[in-house]
Every structure is written in C-alpha cells, then in structure tokens.
Amino acid sequence: MLKNARDPDLLLQLLLSLLSTSGTMAGISLALVGIANYRIVSTRMSSIADDIFLFASLGFVIVCYMTFFAIRHLHSPRLARWTAVIDITFLASLTLLIVAGFVTVYTFV
C-alpha cells in the first residue's frame with residue numbers, strides 16, 4: 001500500500017491516515033484485553049488470547065512510532081524501506097488481532 005505511493009503529498013496523506021488508524025487499533029486491542037479479562041473464569045485459552053491482543057497492541061504502537069518518524073523524514077532516500085516495514089508491521093498486527101478474536105470466540109463458546 002505505502003510502498004507504491006511515489007507522490008510525497010499522497011504518501012503524507014496515507015501516512016497520516018495510517019497513524020490515526022494504528023492509534024485507534026492499539027486502543028481497541030487494549031480494550032479487548034480488558035473485556036477478555038472481565039470473565040470470572042480464566043482459562044488457558046483466554047490468557048493466550050490476552051497475550052495475542054497485547055502483542056497486536058504493541059505492534060500498532062510500533063507502527064505509530066515508525067509512521068511518525070517516516071512523516072518527519074518524508075524526503076529521505078530510505079523512505080521506501082521504512083514504508084515496507086510499516087506495511088508489514090501493520091499487517092502482522094492486524095493478523096494477530098484477527099487470530100486473537102478467533103481464539104476469544106472459541107474460548108467463549
């Protein structure tokens with residue numbers, strides 16, 4: 001997504017959108033940890049889901065920091081590498097969030 005954007009203005013808009021989305025997803029991940037811990041009966045699967053939610057949240061926070069630094073160095077020659085790493089980290093965190101959701105649903109059923 002980001003690595004195909006060559007226009008600096010378009011890339012700036014994409015990075016700002018990704019920054020806000022990542023911050024929101026980090027907050028949602030942390031809220032889901034609290035919701036998953038709300039159950040009185042704690043099982044091994046629910047603690048695995050909590051850990052996955054926490055790792056997803058950490059990934060989204062890392063994406064926020066990397067996006068902020070990419071915006072600061074928008075005209076750097078290394079920006080293509082940064083955007084590839086940002087894309088991979090965001091998609092990995094999103095995947096972790098989905099996996100944790102399936103684990104949580106499996107735990108409640």
Side-chain angles (χ1 to χ4, degrees):
M1 173 180 110
L2 293 176
K3 68 179 183 177
N4 294 331
R6 300 285 180 224
D7 182 26
D9 292 332
L10 175 63
L11 186 59
L12 177 64
Q13 293 302 317
L14 288 172
L15 286 170
L16 288 173
S17 175
L18 187 63
L19 180 64
S20 118
T21 303
S22 296
T24 302
M25 295 303 284
I28 289 172
S29 298
L30 288 176
L32 288 172
V33 169
I35 291 170
N37 280 329
Y38 186 68
R39 270 186 79 190
I40 295 172
V41 178
S42 180
T43 63
R44 185 174 185 318
M45 290 299 281
S46 65
S47 76
I48 290 172
D50 290 345
D51 292 343
I52 297 173
F53 279 131
L54 286 174
F55 282 121
S57 178
L58 181 65
F60 287 124
V61 169
I62 289 171
V63 168
C64 286
Y65 279 110
M66 287 191 299
T67 304
F68 176 76
F69 288 119
I71 290 171
R72 297 283 307 231
H73 301 284
L74 197 58
H75 299 289
S76 173
R78 291 180 277 176
L79 189 62
R81 178 177 286 176
W82 272 104
T83 55
V85 172
I86 290 170
D87 274 343
I88 291 168
T89 308
F90 182 80
L91 289 174
S93 299
L94 193 59
T95 303
L96 282 174
L97 193 63
I98 291 169
V99 168
F102 280 119
V103 171
T104 301
V105 167
Y106 176 76
T107 303
F108 285 124
V109 172

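Just so you know, these numbers use all the heavy atoms, side chains as well, and skip hydrogens, waters and symmetry mates.
- There is a path of hydrophobic side-chain contacts, each under 4.5 Å, that joins Ile71 to Ile86.
- Here CZ of Phe60 is found 11.5 Å from OG1 of Thr67. Values are rounded to the nearest 0.5 Å.
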Please output the side-chain donor-acceptor pairs of residues 90-102 that fall under 3.5 Å, not counting sequence neighbours, one pair per line with the distance.
| unit_1 | atom_1 | unit_2 | atom_2 | d |
| --- | --- | --- | --- | --- |
| Ser93 | OG | Thr89 | O | 3.0 |
| Thr95 | OG1 | Leu91 | O | 2.8 |

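- Grouping the Ile, Leu, Val, Met, Phe, Trp and Tyr side chains by contacts below 4.5 angstrom, directly or via other members, places Met66 apart from Val61.
- Residues satisfying the ring-ring contact (aromatic ring centres under 6.0 Å, His included) test with Phe53, not counting sequence neighbours, are none.
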For residues 9-30, run the donor-acceptor check on the side chains, cut-off 3.5 Å, and write out each pair with its distance to 0.1 Å, sequence neighbours left out.
| unit_1 | atom_1 | unit_2 | atom_2 | d |
| --- | --- | --- | --- | --- |
| Thr21 | OG1 | Ser17 | O | 2.8 |
| Ser22 | OG | Leu18 | O | 2.9 |
| Thr24 | OG1 | Ser20 | O | 3.0 |
| Ser29 | OG | Met25 | O | 2.9 |

Donor-acceptor list for residues 74-82 side chains, cut-off 3.5 Å, not counting sequence neighbours:
| unit_1 | atom_1 | unit_2 | atom_2 | d |
| --- | --- | --- | --- | --- |
| Ser76 | OG | Arg78 | N | 3.2 |

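- Cluster annotation: Ile88 is not connected to Leu58 through the hydrophobic network of ILVMFWY side chains, with a link wherever side-chain heavy atoms come within less than 4.5 Å.
- Cluster membership check: Ile62 shares its hydrophobic cluster with Val85, using side-chain heavy-atom separations under 4.5 Å among Ile, Leu, Val, Met, Phe, Trp and Tyr.
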